[in-house]
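Just below is one structure, and these are the notes that go with it.
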Amino acid sequence: MSKDSLYSPQSSKLYKKDGSIAYIEDMYNEIKMHINETKHIIKASMGQYGGQYSGAATITPDDGHIFVGVRIVTDAALTCNGNVSGITNITFEAGSVFEGRFTEITIVSGTIIAYQGLDEE
């Protein structure tokens, strides 16, 4: 008896766009991988990989991490090194939030919270 004869379209048998058949239980590991990737994204966006609260200083993320978001606590002038160019001694108002991938942040004045994410690149 073939595996195909054990399933009905109403159970775990899926028809792909290319006409082939897939089974949910065979796709479990792939689905689990995508769920874990989504969890990492959510954790990074929520600051669950930690962060640093700092006034005037140059800060860097922990080993294996990168800063992925910045929240301005009090008006702050910053220089950020990363994938967003042009943030050189720019003043941000308290309450501002921005995202990017930063390897170093120099806080000229004010205070910030810099959130960490995994450096997977």
Side-chain angles (χ1 to χ4, degrees):
M1 181 177 280
S2 74
K3 183 173 184 175
D4 192 51
S5 64
L6 299 175
Y7 295 92
S8 70
Q10 293 77 28
S11 62
S12 67
K13 185 176 178 180
L14 304 173
Y15 293 91
K16 296 181 177 182
K17 288 181 182 179
D18 65 4
S20 63
I21 297 171
Y23 298 92
I24 292 175
E25 66 270 17
D26 294 339
M27 298 171 61
Y28 173 76
N29 287 332
E30 184 178 343
I31 292 167
K32 186 176 176 183
M33 179 186 69
H34 290 296
I35 289 170
N36 286 335
E37 288 172 0
T38 302
K39 285 180 183 178
H40 283 303
I41 292 167
I42 291 169
K43 283 182 178 182
S45 70
M46 300 302 288
Q48 292 182 5
Y49 287 111
Q52 296 183 34
Y53 173 82
S54 182
T58 297
I59 59 174
T60 56
D62 296 340
D63 286 343
H65 293 80
I66 194 158
F67 291 128
V68 294
V70 177
R71 178 177 300 277
I72 310 301
V73 177
T74 63
D75 291 357
L78 306 177
T79 296
C80 301
N81 296 324
N83 71 337
V84 180
S85 61
I87 303 177
T88 304
N89 202 16
I90 302 292
T91 301
F92 296 89
E93 292 183 10
S96 300
V97 176
F98 62 92
E99 299 172 345
R101 294 182 59 78
F102 305 107
T103 56
E104 180 181 90
I105 299 174
T106 300
I107 307 156
V108 179
S109 64
T111 54
I112 70 165
I113 300 173
Y115 298 100
Q116 297 185 145
L118 295 177
D119 185 9
E120 296 177 333
E121 291 186 342

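Positions are given from 1, in the same order as the sequence printed here.
Between the CD1 atom in Ile31 and the NE2 atom in His34 there is a gap of 8.5 Å [rounded to 0.5 Å]. The structure places CD1 of Ile59 at 5.0 Å from CD1 of Ile105, a figure rounded to the nearest 0.5 Å.
For the pair Asn29 and Met33, the minimum side-chain heavy-atom distance is 4.5 Å or more. Two residues are said to be in side-chain contact when any heavy atoms from C-beta on lie closer than 4.5 Å; Phe98 and Ile87 meet this criterion.
Looking only at distances, a side-chain donor or acceptor of Thr79 sits under 3.5 Å from a matching main-chain atom of Asn89. Without hydrogens or angle criteria, Gln52 side chain to Thr60 main chain gives a donor-acceptor distance under 3.5 Å.
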Check step by step if side chain to side chain contact (heavy atoms under 4.5 Å, CB included) holds for Arg101 and Asp119. CA-CA 9 Å; Arg101 294 182 59 78; Asp119 185 9; 3.3 Å; yes
Donor-acceptor list for residues 64-78 side chains, cut-off 3.5 Å, not counting sequence neighbours:
residue : atom : partner : partner atom : Å
His65   : ND1  : Asp63   : O            : 3.0
Thr74   : OG1  : Thr111  : N            : 3.0
Thr74   : OG1  : Thr111  : OG1          : 2.9
Asp75   : OD1  : Ala94   : N            : 2.8

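Residues Phe102 and Tyr115 do not share a hydrophobic cluster, clusters being chains of Ile/Leu/Val/Met/Phe/Trp/Tyr side chains in contact below 4.5 Å. Ile90 is connected to Ile107 through a chain of hydrophobic side-chain contacts under 4.5 Å among Ile, Leu, Val, Met, Phe, Trp and Tyr, so both are in one cluster.
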